[in-house]
Structures are given as structure tokens and as C-alpha cells.
Trainee: 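Before I ask anything, here is the structure I am working with.
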Amino acid sequence: MRAVTGRRVRAWWPAVVANLLLGVPGVAPVWLVWYLAVNWPLAALGWTRREPTENDGVLPWLLLGTPVVALYGLAWWLANRPLRRRVAAAGRLYWPVSALVALVPTFTLMIVL
């Protein structure tokens, strides 16, 4: 039984490493989504304050942010698709774990800075 568990753990390592590496450039799309959310819908609800120097409106951020977030999501999905087949875990466990691992660099920057 121990050998099977060891193989399952070893099978996760390529996915964890790949998602940690994908998380480094993933900081930019996460920041773009955060900035957009804080300055427009959350500020409109009164939950946050708008950036005082932000006077361009939402359109430039949507024109910039949508392609960046879409390209990152596509790259993340294409990188994880072949890795998913190698891991001995159900898809409903693999995808959320991979997304959380990809967010580790962002959370690390939030804590450090």
C-alpha cells in the first residue's frame, strides 16, 4: 500500500511545480482583476474606495485586462491538461488544487509586500 501512495505523491510533483511556475506570470492577471474589481464594482457598492488618480474609466482596463486574463487562462489550461492525465486524482480535486497552487506566488507577494 505504501508504494501506491508514494507513486501518487510523486505523480503530483510535476503538476505542483508547473503550477508554481505558471503562478509567477499569473501575478499580473490576478492584479488586473483585483484592480478592476476594487475601483469599479466594489467601489460602487461602497465596500472600497476608488483610486483617486483613476480617471480614465473602465474601458481601458477592460481592453487591457481581458486579453491578458484570457491568454493566461488559456496557457494555464493548456499546460495543465496533459498533466491532469498523469495524476491519479479525480478531476474535481485536481483543478481546484492546481488553481490554488498557481495562486501561491500572488499570495506570497501579498504577504511580503
Trainee: Is there a path of hydrophobic side-chain contacts, each under 4.5 Å between heavy atoms, that joins Leu20 and Tyr72?
Mentor: yes
Trainee: Indicate if Trp34 and Met110 have the same hydrophobic cluster label, given that clusters are the connected sets of ILVMFWY residues with side-chain heavy-atom separations under 4.5 angstrom.
Mentor: no
Trainee: Same cluster for Val68 and Val33 if Ile/Leu/Val/Met/Phe/Trp/Tyr side chains link at under 4.5 Å?
Mentor: no
Trainee: Is there a path of hydrophobic side-chain contacts, each under 4.5 Å between heavy atoms, that joins Val30 and Leu32?
Mentor: no
Trainee: Do Pro41 and Trp47 come close enough that some side-chain heavy atom pair is under 4.5 Å?
Mentor: no
Trainee: Determine whether the aromatic ring centres of Tyr35 and Trp31 lie less than 6.0 Å apart.
Mentor: yes
Trainee: Rounded to the nearest 0.5 Å, what separates atom CG in Leu42 from atom CZ in Arg50?
Mentor: 10.5 Å
Trainee: Given side chain to side chain donor-acceptor pair (under 3.5 Å), test Asn39 with Trp61 step by step and report yes or no.
Mentor: CA-CA 10 Å; Asn39 278 306; Trp61 287 101; over 6 Å; no
Trainee: What closest approach, in Å, do Arg84 and Ala90 show between heavy atoms, and which atom pair accounts for it?
Mentor: NH2-C, 3.6 Å
Trainee: So which atom in Pro29 and which in Pro25 form the shortest heavy-atom distance, rounded to 0.1 Å?
Mentor: CD-O, 3.2 Å
Trainee: What is the minimum heavy-atom distance between Ala15 and Leu83, and which atoms define it?
Mentor: CA-CD1, 3.9 Å
Trainee: Could you check if a side-chain atom of Val104 sits within less than 4.5 angstrom of a side-chain atom of Thr108, using non-hydrogen atoms only?
Mentor: yes
Trainee: Less than 4.5 Å apart, any side-chain heavy atom of Trp77 and any of Trp95?
Mentor: yes
Trainee: Starting at CG of Leu71, measure out to OG1 of Thr66 and round the result to the nearest 0.5 Å.
Mentor: 10.5 Å
Trainee: For Ala79 and Pro82, which heavy atoms make the closest approach, and how far apart are they?
Mentor: O-CD, 3.6 Å
Trainee: Quick one: list whatever passes side-chain hydrogen bond (donor to acceptor under 3.5 Å, both in side chains) with Trp40, sequence neighbours left out.
Mentor: none
Trainee: Which residues, ordered by chain and number, are linked to Leu21 in its hydrophobic cluster, where ILVMFWY side chains connect at heavy-atom gaps below 4.5 Å, directly or through other members?
Mentor: Val17
Trainee: With sequence neighbours left out, what residues match Tyr94 under side-chain hydrogen bond (donor to acceptor under 3.5 Å, both in side chains)?
Mentor: Asn80
Trainee: Do Asn19 and Leu22 have side chains that approach each other closer than 4.5 Å (heavy atoms only, starting at C-beta)?
Mentor: yes
Trainee: Are Leu103 and Ile111 co-members of a hydrophobic cluster defined by side-chain heavy atoms under 4.5 Å apart?
Mentor: no
